[in-house]
2 protein chains.
Amino acid sequence: MTNDVGHDIANALGILLRRTARAKLHKELTQGMGEGVDELTYPVLSALARTGPRSAADLAPDVGLDRSGVTRRASRLEVAGLVRREPDPADRRAHLLVLTEQGELAVAELRTRLADRIMASLSSWPPGEAEAFARHLRRFTVEGPFA
Amino acid sequence: MTNDVGHDIANALGILLRRTARAKLHKELTQGMGEGVDELTYPVLSALARTGPRSAADLAPDVGLDRSGVTRRASRLEVAGLVRREPDPADRRAHLLVLTEQGELAVAELRTRLADRIMASLSSWPPGEAEAFARHLRRFTVEGPFA
DNA sequence: TATTGTTATACTCTATAACTATA
DNA sequence: TATAGTTATAGAGTATAACAATA
């Protein structure tokens, strides 16, 4: 394994981590999804769908914000009817953020949109390579230079 | 190729594109590199190293900013002695941003740091898989849901 | 005493809009 | 007329610091 591999991945990573890559993708995905859903609230919806009801403080590291930031975005989702706040039965200081039925539908649509876009770009890949890439990418996100 | 692959990659991508992933990596890479080098100026240095001397307007899309943003960051790099401005012989309106010797050294160090971190996380991968991943990742950045 | 959600404040960074010089 | 670099301005979004309520 030569050191070129490190540089190759570094270069590709540079494109992926470009400031605009994230913003652009999320903006396109959330286009026309209604007032509450945009590139800022998308990660909150996504995290809630992945892990189930959570408190703002609990959700914060997943979204990459502190709890005040989560509160702010969750409030916008609440106004739009995609999220509701429930008292946490286990801790009366906390409130759980819960996806409403409308919220679940929105997330399902967003996930489908993203998966479709990804699959479209992989359609011309040789058989088996997309699966291998998915496996490698998952491992890289877990073990890679981010932890 | 089932649709699960799309969802698998979508999930992994979600981690990679996390707001903090980029900031954290660039911050760590630029730590202790001197006053001019941080997570904001890093992409400018990197782009200049990759493509050679460019004007601010030319560089803007690569960095993901408009020309005023590039000017601002380039000025910080100029003060730090990593970049200099040269009149563009082909167009007297433009100035070329050029890496100084010190700038070249900084970029080399940054690239080495990043490649080393990546290679370290791949060291336990089975033979050949890292190379395959590098190839797939490059193709994905070119054909993927970003263009 | 520590932690919850929330709000107000200060700060950072960006795009937009100007300006001058040159194509 | 359009585009270059630059600067000033306004806007968006964040972390920090406070607050009251609960652990």
Side-chain angles (χ1 to χ4, degrees), chain A residues 17-27 30 35-45 47-48 51 53-80 83-98, chain B residues 17-27 30 35-45 47-48 51 53-80 83-98:
Chain A
L17 295 182
R18 200 132 66 180
R19 204 179 68 89
T20 45
R22 168 195 160 89
K24 196 174 168 190
L25 179 62
H26 286 181
K27 197 166 195 172
T30 57
E35 225 180 296
V37 186
D38 56 32
E39 67 268 28
L40 291 177
T41 53
Y42 172 75
V44 176
L45 286 176
L48 279 178
T51 65
R54 313 263 296 281
S55 70
D58 205 30
L59 213 56
D62 267 35
V63 181
L65 295 172
D66 77 337
R67 59 203 171 130
S68 75
V70 175
T71 288
R72 215 181 319 117
R73 297 188 185 184
S75 296
R76 283 178 43 203
L77 288 168
E78 192 180 29
V79 169
V83 159
R84 67 171 184 275
R85 286 176 159 94
E86 291 185 359
D88 184 344
D91 185 339
R92 285 194 302 175
R93 294 172 301 181
H95 291 256
L96 295 178
L97 299 171
V98 187
Chain B
L17 295 183
R18 201 132 67 179
R19 203 179 68 89
T20 45
R22 169 195 159 88
K24 197 174 167 190
L25 179 62
H26 286 182
K27 198 166 194 171
T30 56
E35 227 180 295
V37 186
D38 55 33
E39 66 269 29
L40 291 176
T41 54
Y42 172 74
V44 176
L45 286 175
L48 279 177
T51 65
R54 315 262 294 281
S55 70
D58 205 29
L59 212 55
D62 267 35
V63 181
L65 295 172
D66 76 338
R67 57 200 173 129
S68 75
V70 175
T71 288
R72 213 180 322 116
R73 297 187 186 185
S75 295
R76 284 177 43 203
L77 288 168
E78 192 180 29
V79 169
V83 159
R84 66 171 184 275
R85 287 175 158 95
E86 290 186 0
D88 184 344
D91 185 339
R92 284 194 303 175
R93 294 172 302 180
H95 291 257
L96 296 178
L97 299 171
V98 188

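Proteins get letters first, then strands, A, B, ... in listed order; numbering begins at 1 in each. Keep in mind that the numbers below use all heavy atoms, side chains included, and drop hydrogens, waters and symmetry copies. Treat the numbers as computed from the prediction; the structure is a model and nothing was measured.
If you take CG of A/D58 and C1' of C/dG5, they are 14 Å apart, rounded to a whole angstrom. The NZ-P distance, from A/K27 to D/dA12, rounds to 12 Å in whole Å. What separates CD of A/E86 from C1' of C/dG5 is a distance of 16 Å, to the nearest Å. In this structure, CG of A/L65 is placed 12 Å from P of D/dG13, rounded to the nearest angstrom. Distance, A/H95 NE2 to D/dA23 C1': 14 Å, rounded to whole Å. Distance CG (B/L59) to C1' (D/dA4): 14 Å, rounded to an integer number of Å. Nucleotide C/dT6 holds its C1' atom 16 Å from the CG atom of A/L96, rounded to whole Å. Between B/L40 atom CG and C/dT12 atom P there is a gap of 12 Å when expressed in whole angstrom units.
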Under 3.5 Å between N/O atoms: give me all the protein pairs with nucleotides 16-21 of chain C, atom names plus distance.
residue: C/dT16; atom: O4; partner: B/S68; partner atom: OG; Å: 3.2

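Between B/S75 and the phosphate of D/dT6, there is no side-chain N or O to OP1/OP2 separation shorter than 4.0 Å. Close to D/dT6, at under 4.0 Å from its OP1 or OP2, lies a side-chain N or O of B/T71.
Legend: residues meeting ring-ring contact (aromatic ring centres under 6.0 Å, His included) with B/H95, ordered by chain and number and at least two apart, are absent. Partners of B/D62 by salt bridge (Lys or Arg N to Asp or Glu O under 4.0 Å), not counting sequence neighbours, listed by chain and number: B/R50, B/R54. Qualifying salt bridge (Lys or Arg N to Asp or Glu O under 4.0 Å) partners for B/R85, counting only residues two or more places apart in sequence or in other chains: B/E78. The salt bridge (Lys or Arg N to Asp or Glu O under 4.0 Å) check on A/D91 picks up A/R93, with sequence neighbours excluded. By the salt bridge (Lys or Arg N to Asp or Glu O under 4.0 Å) test, A/E86 is found to be paired with A/R84, residues two or more places apart in sequence or in another chain being considered.
Between A/R19 and A/R85, it is A/R85 whose nearest contact on DNA chain C lies nearer the 5' terminus. Comparing A/D91 and B/A74 along DNA chain D, the residue whose closest nucleotide (by nearest heavy atom) sits nearer the 5' end is B/A74.
Of the options A/V37, A/L40, A/T41, a side-chain contact (heavy atoms from CB on, under 4.5 Å) to A/T30 is made by A/V37 and by none of the others.
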### Message
Determine whether A/L59 and A/L65 satisfy the following criterion, side-chain contact (heavy atoms from CB on, under 4.5 Å), listing intermediate values before the conclusion.
### Response
CA-CA 9 Å; A/L59 213 56; A/L65 295 172; over 6 Å; no

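For A/A94, the side-chain atoms get nearest to C/dT4 when compared with the rest of C/dT4, C/dC13, D/dG13.
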